[in-house]
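Structure first, then comments.
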Amino acid sequence: MRIACPHCGSRDVQEFAYLGDAAPRRPDGMEATAAAMVDYVHQRDNPAGSHRELWYHAAGCHAWLVVTRDTRTHAIDAVETMAQARAGASA
Amino acid sequence: MAEIGMAWTARGAWTGIAAAGAFGTPHDGVRVQLREGLGIASLIAGQEQEPALERALDSRYGLSLPRGPSAVSSASHTLLWSGPGQWLLLAASSAGFAEDCAGLAGLAAVAEQSDGRAVLSLSGAMVRQTLAKGCMVDLHPRAFPVGTTALTSIAYVNIQLWRAEDGPEGAVYEIMVPRSMAGSFWSWFSASAAEFGCAITVSRD
Amino acid sequence: MSASTQPFRRGDGGLIDRSRPLSFRFDGQGYQGFEGDTLASALLANGVRLVGRSFKYHRPRGILSAGPEEPNALVELRAGARREPNTRATVVELFHGLEARSQNRWPSLAFDLLSVNSLLGPALQAGFYYKTFMWPASFWERLYEPLIRRAAGLGRAAGLEDPDHYEKAFAFCDVLIIGGGPAGIAAALVAGRSGARVILCDEDSRLGGRLLAERREIDGQPAADWLKEALAELASLPDVTIMPRSTVFGVYDHGVYGVVERVTDHLAVPPPHQARQRSWRITARRAVLAAGAIERPIVFSGNDTPGVMLAGAVRTYLNRYGVLPGREAVVFTTGDEGWTTARDLFTAGGRVAAIVDPRTALDPELTALAARIGARVFAGSVVCRASGSRALTAVDIRDASGREQTIACDLLAVSNGWNPTLHLTSHQNTRPVWDEAIQAFVPGTMPVGLSVAGSAAGRFSLAEALADGARLGREAAADSGFDSAAEPATPITDPEGVALSPVWRVKGGKGKAFVDFQNDVTDADIELAAREGFRPVEHLKRFTTLGMATDQGKTSNIAGLAIMAEQTGKTIPQTGTTIFRPPYTPVAIGALAGHHRGRDFRPTRLSPTHSWSQNQGAVFIEAGAWMRAQYYPRPGETDWLTSVNREVLAVRNEVGICDVSTLGKIDIQGADAVDFLERVYCNGFRALPVGKARYGLMLREDGFVMDDGTTSRLAQTHFLMTTTTANAGKVMQHLEFCHQVLWPELNVRLVSVSEQWAQAAIAGPKARAVLQGVVDAEHDICNKAFPYLAARAVTVGGGIPARLFRISFSGELAYELAVPAGYGVAMMEALMAAGAAHGITPYGTEALGVMRIEKGHVAGNELSGQTTARDLGLGKMMSSKKDYLGRLMAQRPALVEADRPRLVGFKPVDPTQRLRAGAHFIGIGKAATMHHDEGYMTSVAYSPVLGHWIGLGLLRNGRERLGERVRAVDPVRNGDVEIEICSPVFVDPEGTRLHG
Amino acid sequence: MRYSIFSLAAQTLKGHRGWTPAWRDAAPKPAYDVLVIGGGGHGLATAYYLASQHGITNVAVIEKGYIGSGNVGRNTTIIRSNYLLPGNTPFYELSLKLWEGLEQDINYNAMVSQRGVLNLYHSDAQRDAFARRGNAMRLAGVDAELLDREQVRAMVPFLNYSDGRFPIQGGLLQRRGGSVRHDAVAWGYARAADRRGVDIIQNCEVTGLSIENGRITGVETTRGPIRAGKVALAVAGNSSRLAAMAGMRLPIESHVLQAFVSEGLKPLIDTVVTYGAGHFYISQSDKGGLVFGGDIDGYNSYAQRGNLPVIEDVMESAMALWPGLGRVRMLRHWGGVMDMSMDGSPIIDHTPVEGLYLNAGWCYGGFKATPASGFCFAHLIARDTPHEVATAYRLDRFATGHVIDEKGAGAQPNLH
């Protein structure tokens with residue numbers, strides 16, 4: 001598997017560390033509820049199909065990236081920096 | 001009362017690991033220069049700091065700030081991109097490097113790494129064949145021209161690699177390894193270069 | 001030397017070098033072959049037919065094929081530590097002094113006692129073992145299983161450390177071409193000319209594929225000449241790399257291909273500094289599969305008799321190796337191609353007794369050929385039986401009317417068409433599709449970037465191979481941005497007959513008819529599978545073991561499907577398609593491991609003071625990725641405890657130094673640095689003054705403790721965080737996550753400086769005195785100027801930048817001094833010199849551990865990932881005034897239950913008794929059962945200060961039970977010690993020594 | 001027909017013509033009392049125990065492909081009960097006890113081979129952790145022995161004791177652990193369930209769950225709707241997909257785990273060994289193949305295949321542990337989809353949907369759990385109360401914090 005790091009270029013998956021689904025947003029602040037936090041920490045869609053997920057270029061530029069990958073075929077549609085991902089989300 | 005009069009001599013990162021000489025088959029297919037005594041510092045700038053940092057580096061060293069994975073060099077200094085918003089400043093000599101760092105303090109988060117890295121300069125007819133045994137990055141001249149740098153890993157050691165100006169035998173690659181893993185890196189390198197034969201020299205300041 | 005010692009060697013012809021004889025041994029007997037031979041061709045040249053015994057029935061087996069599909073001719077190659085079991089004689093290049101042994105026979109190949117299994121045959125049908133051997137249960141391990149295991153398993157592994165060395169390599173190209181036959185070479189030529197980077201891999205030692213085995217013409221000249229020119233041109237193209245002896249074994253995601261290169265397997269032993277094999281990870285924009293095809297046998301009685309051979313293999317031995325596989329041949333063919341074999345046999349000086357072809361209407365050209373070579377033609381007939389005990393002596397031929405006659409022969413060439421070598425196309429779980437016209441599976445959905453040319457696509461003619469190759473090579477290059485000039489004219493080839501009407505099996509021949517030779521799967525086994533409902537192809541394979549042998553069913557899968565289809569009244573495609581799993585052919589484990597074995601399995605990290613510790617005679621221990629000094633034995637000290645006790649007492653009474661360079665060190669700067677720390681630590685850092693250090697505790701988001709360490713404020717917006725040695729990398733990644741993903745709005749910059757600094761702990765009542773001899777005089781480090789938890793930049797050795805921290809893990813007056821790593825050794829020497837007058841003693845991780853336990857400090861054994869701050873007695877650190885990672889999850893009911901195991905100290909009631917970590921706590925008088933389990937001992941140490949063993953542990957509701965007694969039960973070491981619960985701080989609970 | 005040495009002999013004389021299908025290839029009936037979704041080991045075992053333990057025989061197992069096509073036929077066949085935490089140990093011990101009597105119970109030889117499972121340790125801290133675990137096992141009545149280096153060497157002398165990067169210091173041995181012929185487990189349970197009237201329906205994929213005001217009433221399938229009083233999910237890596245049909249999200253990620261087999265070899269190793277300094281475990285099948293595996297690839301996947309970095313990591317661990325394997329060839333590798341839960345432990349529980357039961361989150365420990373999983377799941381379905389050894393496997397434990405985290409890795413599936 002290859003991941004096209006927006007900073008470094010196409011690299012072997014061996015250089016990256018995986019975290020998981022990029023969708024959950026941490027409920028920040030003192031007013032966050034336990035229920036919301038339980039959901040953020042534990043519950044996952046785990047789709048068979050397109051999945052936006054967090055990877056860390058551990059052996060490269062140390063950037064966290066959002067990779068859009070099909071979990072049935074491993075085909076990668078997009079690799080975004082966190083900034084790009086946020087811009088996309090807000091857009 | 002620090003006059004117990006012990007001399008504080010610094011120990012090079014390659015000391016006890018590699019020394020001038022040769023190993024493997026008698027071909028010198030690969031040449032290694034152990035680069036001791038470099039000044040190295042990491043610079044991290046926020047977006048707002050970058051212009052000022054860029055001006056400073058340009059005025060001081062005539063180096064422009066690489067925005068992507070490349071390396072720029074002057075006679076005395078090299079500036080390596082080392083991640084988004086991050087660079088490594090290298091000085092051929094650690095003498096006076098503290099002043100280099102102090103001068104940039106306000107313009108970026110500066111952290112000296114001179115003692116934390118072990119650096120090799122690799123060349124020779126078989127250098128690419130040797131690196132291919134562990135380097136997961138495409139080093140074909142079309143993909144990795146002079147002035148390109150890459151952060152990657154070789155034999156489970158995270159390294160930074162960059163291509164300097166060509167030498168008499170063609171491509172010259174510089175490799176920077178974490179000091180604590182220099183021995184393991186060398187174990188991989190010597191096993192990989194042995195079939196081509198390897199000559200080792202040492203450069204200090 | 002003449003071929004006279006090789007009775008079946010032709011006088012001329014072939015690609016072997018008769019001027020270079022090579023001697024070799026098979027089953028102890030000496031033979032001679034020539035350079036260019038395979039072991040199989042050399043054995044045949046010497047008239048050796050019987051080369052192995054089969055898996056289950058131990059039937060005599062010979063050589064079926066001339067390639068990687070070989071199911072029968074498996075040998076143990078080489079001897080001693082280099083012995084390679086199950087090695088296919090058909091792909092072993094002959095070398096001088098080669099040694100091989102036949103397998104799976106006892107006592108000898110010719111006379112094998114276990115061939116009685118043949119008589120038991122009827123009982124040993126597919127899956128018989130599922131139906132018996134069940135009574136009594138205990139007999140399975142004791143009796144049945146050992147018998148079965150001894151009988152099974154084919155070859156014997158060396159069992160000794162592999163003396164050869166392996167390596168990995170990585171390559172990149174625009175176009176990867178898999179297979180160096182006509183299609184592959186045509187593709188390489190076109191792609192190469194376009195300027196694209198091309199890698200051409202072929203598993204063979206010599207490029208050319210079938211061209212090496214056939215007598216063909218291209219553009220009116222012998223194919224060999226065309227090949228020579230093509231290879232010369234490829235060699236002249238700078239960006240074309242030819243990799244012979246290189247098998248592409250697997251297709252992985254995004255154009256990554258696994259390749260194993262047999263660098264020196266064709267030599268007796270690898271030359272100095274050379275690898276035996278090299279495993280490549282090749283990343284290609286596009287790939288062309290031109291792997292050719294594999295010929296198919298026919299299922300009939302005795303079809304496994306040595307001397308029954310695939311017709312294409314016969315041509316290979318004749319034309320490539322100059323070997324006559326038999327003198328008196330019968331050809332059994334279901335298509336025109338078999339007749340070519342008859343022709344080549346005749347041309348090579350063999351006699352063709354008969355050509356058997358089930359087809360009734362035969363092309364007159366074929367019958368004319370038969371007449372020319374004096375072969376009897378049996379049209380509309382089949383071979384229904386091959387006979388001969390250890391080698392073929394005759395075949396029975398049955399015509400349409402059922403009349404049978406026997407013809408004596410020593411070779412039966414079987415031609416039944418070919419199956420495309422499409423294995424790689426199904427490595428990503430996509431299925432091939434059935435092509436009715438050629439009665440074979442052809443590639444279906446393809447892995448991204450892969451295309452298939454020539455025979456591998458079911459386009460079997462040489463003309464198609466050359467045309468496909470050129471077309472796909474051009475497309476592949478264009479797809480990766482290299483356009484070729486006009487399509488080159490496809491070479492003209494001589495005509496070839498391709499008509500075919502395959503026969504899957506011939507019934508009624510009495511005696512076993514094999515589908516899967518190596519696993520001894522017969523047509524009857526497949527009928528049984530149908531009868532018992534194991535009809536889906538995966539059930540068929542798993543129940544009968546069809547296609548599960550080392551040849552992965554390369555010659556057997558289709559016939560198996562055909563027979564199942566016949567049983568169930570379905571078509572072959574309805575019955576199922578087998579998908580092939582990687583690797584294409586078996587790959588040596590050593591090759592895939594490469595350099596990473598022994599000490600090079602993973603990198604070893606050495607502290608900048610390592611050489612100093614070595615000179616001090618340290619005993620080192622693996623600590624994660626690091627080697628750390630465990631203790632420093634002195635002459636006369638025989639056991640580690642003596643040394644450790646001495647080191648501990650030295651620190652408690654005078655002063656000691658210990659390398660702590662391995663701690664993670666993270667430089668944190670930025671206007672929001674303190675806010676960042678506030679969120680990642682559960683305790684507060686906002687009030688930490690510049691020049692001070694503070695102990696920090698980090699939780700995971702799920703509320704359990706992740707890591708701890710001290711963080712110092714070097715300037716208003718500049719902090720230095722330390723982490724545990726074990727978690728340094730994990731914490732750095734975690735902080736990058738917090739910074740980049742959670743709170744990008746915070747102005748903070750993180751960089752690891754772990755490698756830059758050598759750090760030593762100086763601990764003991766005389767620590768300050770020692771330091772005052774090392775730190776440059778202008779820095780006042782007296783108790784008032786440099787109190788507990790002070791943290792400041794200083795200089796040493798006359799201006800060398802250093803950092804001094806007054807922190808203590810041992811509970812003594814202690815400091816940590818950090819200098820640039822290059823000065824690490826100098827620092828240790830300076831400290832030793834300055835401390836000489838004070839009785840300074842180096843101490844290692846063991847003494848460090850003893851002292852932290854004496855002080856009740858938590859470490860790795862307590863930071864198990866299963867403990868909360870409260871469990872560890874650090875609950876008060878959790879701030880209630882701010883949000884931080886883990887805050888909410890740490891409040892989940894189960895994490896705040898009153899009777900959770902909490903950290904307390906323990907001492908043996910009888911002070912002579914030893915404590916052990918891992919023991920569980922059971923109430924006195926209670927039975928040692930899970931229900932009475934109240935927790936466990938996390939860490940223990942012998943305290944030389946107290947003169948007895950002490951321990952830390954997690955005990956249910958422990959904090960409220962000080963003074964109570966329980967038992968430390970340790971069944972795995974037969975331990976059961978009565979212990980008293982006490983405070984986890986055993987030494988100087990008031991902490992006065994810290995401040996001394 | 002009952003399997004025995006006698007029936008085998010009789011059939012041998014008849015040329016094996018009298019054998020009948022091991023199970024009927026049933027077509028779906030309109031309705032069942034219990035519908036088990038998933039014809040893998042757990043689903044088939046559940047159906048068998050519903051019939052044999054609870055007399056519930058109007059049961060169907062529906063499978064989208066052929067039975068045993070999932071992880072029960074893709075694993076490395078190891079069985080053991082060497083667990084640390086009280087939520088786990090008794091459950092896996094029940095499983096091991098059921099393995100010990102399985103063949104006589106279902107009249108099918110699954111080649112249950114108690115050749116021992118040996119976990120190696122390489123540091124003092126690891127030894128302490130293994131002692132803690134071994135003691136927990138002993139307190140729970142499970143066999144466990146802590147071996148020192150020399151005892152390990154006596155058992156498996158061919159490992160690397162000389163120049164290992166992480167020297168072998170000893171091991172934790174469970175002699176009652178071992179291996180089982182994996183396919184036979186699916187086939188044996190299927191045959192035994194079929195004999196008690198359970199319908200085994202292959203090539204029948206669930207396309208939807210029918211839920212009426214909070215209660216399950218049946219399922220939609222590629223072979224039409226099937227009504228059911230109770231529906232039980234036992235679909236391992238596909239749990240999240242089925243749960244989504246009921247509008248549920250699970251604390252589960254699906255990951256690929258690769259497995260490997262070598263060419264057939266004469267007997268080399270007669271126990272199961274796991275390497276404590278890398279992700280690696282190895283044993284030898286009765287056919288002679290070395291069966292081995294390592295860590296999951298580490299990213300969400302439903303593809304049933306992995307990539308080279310993990311393959312090489314496994315081979316490196318193999319060579320680091322056992323340098324004699326260098327010339328042994330890897331014959332096949334493949335992948336299975338693991339239902340990795342947030343704490344590394346399974347879920348056997350009700351769901352918010354009445355009549356819908358969940359059996360999931362087995363990570364890569366599912367095979368050894370097959371009998372107890374079926375046994376306890378059947379108990380829950382039949383009695384609507386959890387079996388006493390499975391009370392900890394609740395779906396709400398992540399909210400309450402009663403997690404069962406053997407590794408202490410926290411809520412990150414790919415670290416378990």
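Below, chains carry the letters A, B, ... as their sequence lines are ordered, and counting in each starts from 1.
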ask   = Where does B:Ala45 contact chain C at under 4.5 Å (heavy atoms): side chain, backbone, both or neither?
value = backbone
inquiry  = Salt bridge check, C:Glu755 against B:Arg179: does any charged N sit closer than 4.0 Å to a carboxylate O?
reply    = no
request  = Tell me, out of B:Gly183, B:Ala13, B:Cys135, who's got the most heavy-atom pairs with chain C below 4.5 Å.
outcome  = B:Cys135
Interchain contact, C:Gln756 with chain B, by part (heavy-atom threshold 4.5 Å) = both
message = Working to the nearest 0.5 angstrom, can you tell me the gap between B:Met181 CE and C:Leu606 CG?
response = 10.5 Å
request  = Dump the intermediate steps for side chain to side chain contact (heavy atoms under 4.5 Å, CB included) on C:Met827 and B:Trp8, then the final yes or no.
outcome  = CA-CA 7 Å; C:Met827 170 178 68; B:Trp8 284 67; 3.8 Å; yes
key: C:Val825 portion near chain B, given a 4.5 angstrom heavy-atom threshold   = side chain
request  = Against chain B, label C:Ile800 side chain, backbone, both or neither, depending on which of its atoms sit under 4.5 Å from a heavy atom there.
outcome  = side chain
message = Before you tell me yes or no, could you show the steps for C:Val751 and B:Gln113 under side chain to side chain contact (heavy atoms under 4.5 Å, CB included), namely the whole-Å CA-CA distance, both residues' side-chain angles and the distance that decides it to 0.1 Å?
response = CA-CA 10 Å; C:Val751 65; B:Gln113 307 279 10; 3.7 Å; yes
ask   = Looking at side-chain heavy atoms only, is the closest gap between B:Met136 and C:Lys168 below 4.5 Å?
value = no
remark   = Comparing C:Ala171, C:Pro820, C:Gly594 against chain B, the one with the most heavy-atom pairs below 4.5 Å turns out to be C:Pro820
message = Is C:Ser752 close to chain B through its backbone or its side chain, or both, or neither, when contacts mean heavy atoms under 4.5 Å?
response = backbone
ask   = Under a 4.5 Å cut-off applied to non-hydrogen side-chain atoms, are C:Asp600 and B:Trp188 in contact?
value = no
task = Could you check which of B:Thr15, B:Asp115, B:Val137 has the highest count of heavy-atom pairs closer than 4.5 Å to chain C?
result = B:Asp115
key: Test salt bridge (Lys or Arg N to Asp or Glu O under 4.0 Å) applied to B:Glu112 and C:Arg803, step by step   = CA-CA 13 Å; B:Glu112 188 170 350; C:Arg803 287 167 176 173; over 6 Å; no
query = At a heavy-atom separation under 4.5 Å, does C:Leu750 approach chain B through its side chain, its backbone, both, or neither?
reply = backbone
request  = Would you mind checking which part of C:Val748 comes under 4.5 Å of any heavy atom in chain B, side chain (CB onward), backbone (N, CA, C, O), both or neither?
outcome  = neither
key: Gap separating the CZ atom of C:Arg605 from the OG atom of B:Ser184, nearest 0.5 angstrom   = 10.5 Å
ask   = Roughly how far, to the nearest 0.5 Å, is the CG atom of C:Asp174 from the CZ atom of B:Arg142?
value = 6.0 Å
ask   = Where the side chain of B:Ser180 meets the backbone of C:Ser607, is there a donor-acceptor pair that is under 3.5 Å apart?
value = no
note = Turns out that what part of C:Arg197 lies under 4.5 Å from chain B's heavy atoms comes down to both
ask   = How many angstroms lie between atom OG of B:Ser192 and atom NE2 of C:His273, to the nearest 0.5 angstrom?
value = 13.0 Å
remark   = So, the part of B:Ser187 with a heavy atom under 4.5 Å from chain C: the answer is both
request  = Identify whether the distance between the nearest side-chain nitrogen and carboxylate oxygen of B:Lys133 and C:Glu261 falls below 4.0 Å.
outcome  = no
For chain C, which residues of residues 152-168 of chain B have heavy atoms nearer than 4.5 angstrom = B:Ala155, B:Tyr156, B:Val157
query = Do the non-hydrogen side-chain atoms of C:Asn747 and B:Glu48 ever get within less than 4.5 Å of each other?
reply = yes
request  = Pick one of side chain, backbone, both or neither for B:Val110, based on which atoms fall under 4.5 Å of a heavy atom in chain C.
outcome  = backbone
OG on C:Ser611 to CZ on B:Arg11, rounded to 0.5 Å = 3.5 Å
note = In terms of heavy-atom pairs under 4.5 Å with chain B, the winner among C:Val819, C:Thr283, C:Val796 is C:Val796
request  = Output yes when a side-chain donor or acceptor of B:Asp138 lies under 3.5 Å from a complementary backbone atom of C:Phe172, and no otherwise.
outcome  = no
ask   = Side chain, backbone, both or neither: which part of C:Trp757 has a heavy atom under 4.5 Å from chain B?
value = neither
task = Would you indicate whether the side-chain heavy atoms of B:Thr25 and C:Gln274 approach each other to under 4.5 Å?
result = no
